[in-house]
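Down below is the structure, laid out as structure tokens.
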Amino acid sequence: MKYFFIFLFCLLNCQVSWYHTRASKNEAAEIPVAEGENILGEPGTSCFISSIKFQEVDSTNDSTQKLNPIIDTQFIENIRTNLKLKNTNTKHIKHVYGIPKSWPYLNELKSFRTDKSFERFKQIQNLMIEPQFKKTLLKYAEMADADTYFFSNEDILTSFLEFENCDTYYQFQYTKREKDNYNLVLFLFTLGFLPTANYENHYFTVYKRKALDFKTVSITYKFGYRRVITWLFLPTFNFFNEVENYNQDYRFVDHTKDQFLAALENKNSKPLPIKRLNPVYGDVLGGNYTSDSQLFKTRIPVDTRFAVVRDGKRNVSFFDPIHGLYKIQAINVNEKINSDIISDGIEKTLKSFITTNLIDKIKKNYPKSGIIHENYTPEYRDGTYTFTLEVAKPDPGKDQFKKEYFVFSCFKSQSQIYILSRSLPNETSLEILPKLAESNILDFYPQVTFQSKYIEPKPIDLDVAMNNGTKPDVNGNNEEEEEDDDDDDEEDEGEELAGGGGAGGVSGEIDLAGLFSILKERTYIPKGKMDIKPGRFKFNNARFNAPKMNSSRFHFKQGRTKNFSSPAKWRR
């Protein structure tokens, strides 16, 4: 029997594979991608167009944007903001099409092209309209900016629309996918002596045209691989296999998108190195991040080719040198916060919570820091507190302070407080900083899907309340209340550190690790915390290869086997 496994092992290593990349212009003959022309870099302002189908929000079922399209807005942002195009004039045009002619609030949609701020949500709430239309307006108020255009279904084709201040137009499409096997039946019938071949291809097309010109140039990129398997080969032991073994966390289609981005930047000599996004707690699939607590999902808001991801059970931070720092936190609401909301209201409670858990801690390290602009919007997500934080850190060797700016926005949903934050450019003037902060945080909101959960509050023990948090025993003495195993289990989960990121899951605590890391040194983070060298991903090495058995009842991770003798402390 043991010889059978040796035989099978040799069979699996009798194969040769290679990548297959080609480009064709205007459906002409295919040439290697490395010999293709550089389609970008035209003079003037380059406009990248995202076409978005208009969808109404049902009054009963709030539909959200799909989180996993092949060509999405973040993908185009990564193209527009890459290192080669950073110093050129570019615009990202979001074209919303297919609005019914009978839809009564098209003018209100078009009015969202004004300055992007929370004032637009106040205007929507003041409209005396049906809830279904109001929800639809709120949905597009999040994503619309000065470069968003709304068109009805009677407008002309998008390929020939003209937009303001555009010299060259680019549109990206994922054309098709091909996958097949050759001679598989004969390969199995002859027990592997006749070879079998399999392949997979993905096609991306770029359409380019000049302003006021109806002639369109198209270039199609094909990214695929070929694999031949036969027993006539001696075991190759993967020495002649160029194709990586792709898994669910990093599929081949994700790799082809990386190759497509490299081809547009004219880096065509070799396929990009494999980079697997595999956070310690959450999951990444197709550029989407899902938190371990299932409280939120998000498109990764930075370029994954240069990204650093650190996460915990209820928090995650994304960083790259171009886009900066993005952070999402979900904090469970405790009894004190609930009582403060009842007595003081949501606005005062959120401000007090932020001051105690964020501002005071920042000032301990940087005393000259503080909030320079704040705004509370009761009409947005039932009460949203947004503020701009100025962090003044000493400049070594000088009697000056180097100022960093961050925008934070928080709101309460059921039993969680969500906090979204991102860094702002340091060169921004204080006059336009408030509008820039609101616009940037509103760009972040549409990428996140929140899935709040209601946590049943614990019943209040009157004896404990009357004795200052202690329970009298039968002898009349006061004893501290003992918690059951379930409560201990929740506390243990909350106290876990987030992959080098801090205790972001504890009720009433804000994770400041990502913010402190970027403050220590803007462009270089010490090894072991965040490594921002291009093309590399750095995680908590102690848990990088943590096994996951999602199909099992139990989900083991390294460091989770403490108190193994107590079944009540196992993760359910």
Side-chain angles (χ1 to χ4, degrees), residues 45 47-50 52 65 72-74 76-78 80-81 86 89-96 108-125 137-150 163-166 298-303 318-320 322-328 354 371-381 383-391 403-411 418-448 450 515 518:
T45 301
C47 293
F48 299 85
I49 301 179
S50 295
I52 304 171
Q65 296 180 357
D72 57 7
T73 56
Q74 184 58 41
I76 295 178
E77 278 295 308
N78 292 342
R80 191 176 71 88
T81 57
K86 189 175 182 182
N89 295 325
T90 60
K91 295 174 66 176
H92 185 185
I93 304 294
K94 291 182 281 293
H95 167 260
V96 182
E108 282 75 9
L109 285 175
K110 293 182 178 180
S111 67
F112 295 154
R113 297 189 60 242
T114 58
D115 292 337
K116 192 169 186 178
S117 66
F118 287 95
E119 292 295 328
R120 61 178 65 182
F121 300 104
K122 297 180 181 179
Q123 299 173 4
I124 295 174
Q125 293 295 349
L137 290 175
L138 289 172
K139 169 186 174 181
Y140 286 98
E142 283 189 338
M143 60 164 286
D145 55 18
D147 294 324
T148 304
Y149 296 84
F150 297 89
F163 299 97
E164 300 174 2
N165 302 322
C166 292
T298 182
R299 292 291 303 171
I300 297 178
V302 298
D303 194 335
F318 307 99
F319 179 83
D320 74 4
I322 302 174
H323 298 86
L325 176 70
Y326 290 76
K327 196 173 185 68
I328 307 171
I354 291 296
I371 295 176
I372 60 175
H373 177 264
E374 61 182 351
N375 179 34
Y376 178 75
T377 308
E379 295 83 6
Y380 184 61
R381 297 188 180 273
T384 303
Y385 176 50
T386 305
F387 62 94
T388 305
L389 177 65
E390 179 186 71
V391 180
K403 295 181 179 180
E404 304 267 359
Y405 298 100
F406 301 87
V407 56
F408 289 79
S409 186
C410 62
F411 66 95
Y418 290 98
I419 302 177
L420 273 66
S421 58
R422 60 175 296 183
S423 56
L424 297 174
N426 297 339
E427 299 81 10
T428 307
S429 63
L430 294 178
E431 290 76 13
I432 65 172
L433 188 62
K435 290 184 178 181
L436 178 65
E438 290 189 10
S439 176
N440 282 354
I441 201 66
L442 282 176
D443 287 337
F444 193 10
Y445 266 108
Q447 303 184 52
V448 187
F450 303 97
L515 185 137
I518 195 175

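In this text, all values refer to a predicted model and were calculated from it rather than measured experimentally. Computation of the quantities below employed the complete heavy-atom set of this structure, encompassing side-chain atoms and omitting hydrogens, waters and symmetry-equivalent molecules.
- Exactly one of K94, K116, R381 qualifies for a salt bridge (charged side-chain N to carboxylate O under 4.0 Å, His left out) with E142. That residue is R381.
- Within the 4.5 Å cutoff, the side chain of I300 has no heavy atoms near those of the Q74 side chain.
- Counting heavy atoms from C-beta outward, H92 and S50 have side chains that approach closer than 4.5 Å.
- Under the side-chain contact (heavy atoms from CB on, under 4.5 Å) test applied with F411, the options T384, T386, T377, I419 reduce to a single match, T384.
- Looking at D320, its side chain does come within 3.5 Å of a backbone N or O of D303 through a donor-acceptor pair.
- No side-chain heavy atom of S421 sits less than 4.5 Å from a side-chain heavy atom of F406.
- Taking the side chain as every heavy atom from C-beta outward, F48 and E77 never approach each other to under 4.5 Å.
- Between L436 and Y405 the shortest side-chain heavy-atom distance does not fall below 4.5 Å.
- Side-chain atoms of T298 come within 3.5 Å of backbone N or O of Q447 as a donor-acceptor pair.
- Side chains of S409 and Y445 form a contact here, defined as non-hydrogen atoms less than 4.5 Å apart.
- A 6.0 Å sphere centred on NZ of K403 holds no more than 12 heavy atoms belonging to other residues, nucleotides or ligands.
- F112 has its side chain within reach of I124: a pair of non-hydrogen atoms, C-beta onward, lies under 4.5 Å apart.
- Under the 4.0 Å criterion applied to side-chain N and carboxylate O atoms, R120 and E438 are not assigned as salt-bridge partners.
- Side-chain contact between I52 and M143: present, with at least one pair of heavy atoms (C-beta onward) separated by less than 4.5 Å.
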Please walk me through it: do F450 and L420 pass side-chain contact (heavy atoms from CB on, under 4.5 Å)? CA-CA 11 Å; F450 303 97; L420 273 66; 3.7 Å; yes
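- K435 NZ: 12 or fewer foreign heavy atoms inside a 6.0 Å radius.
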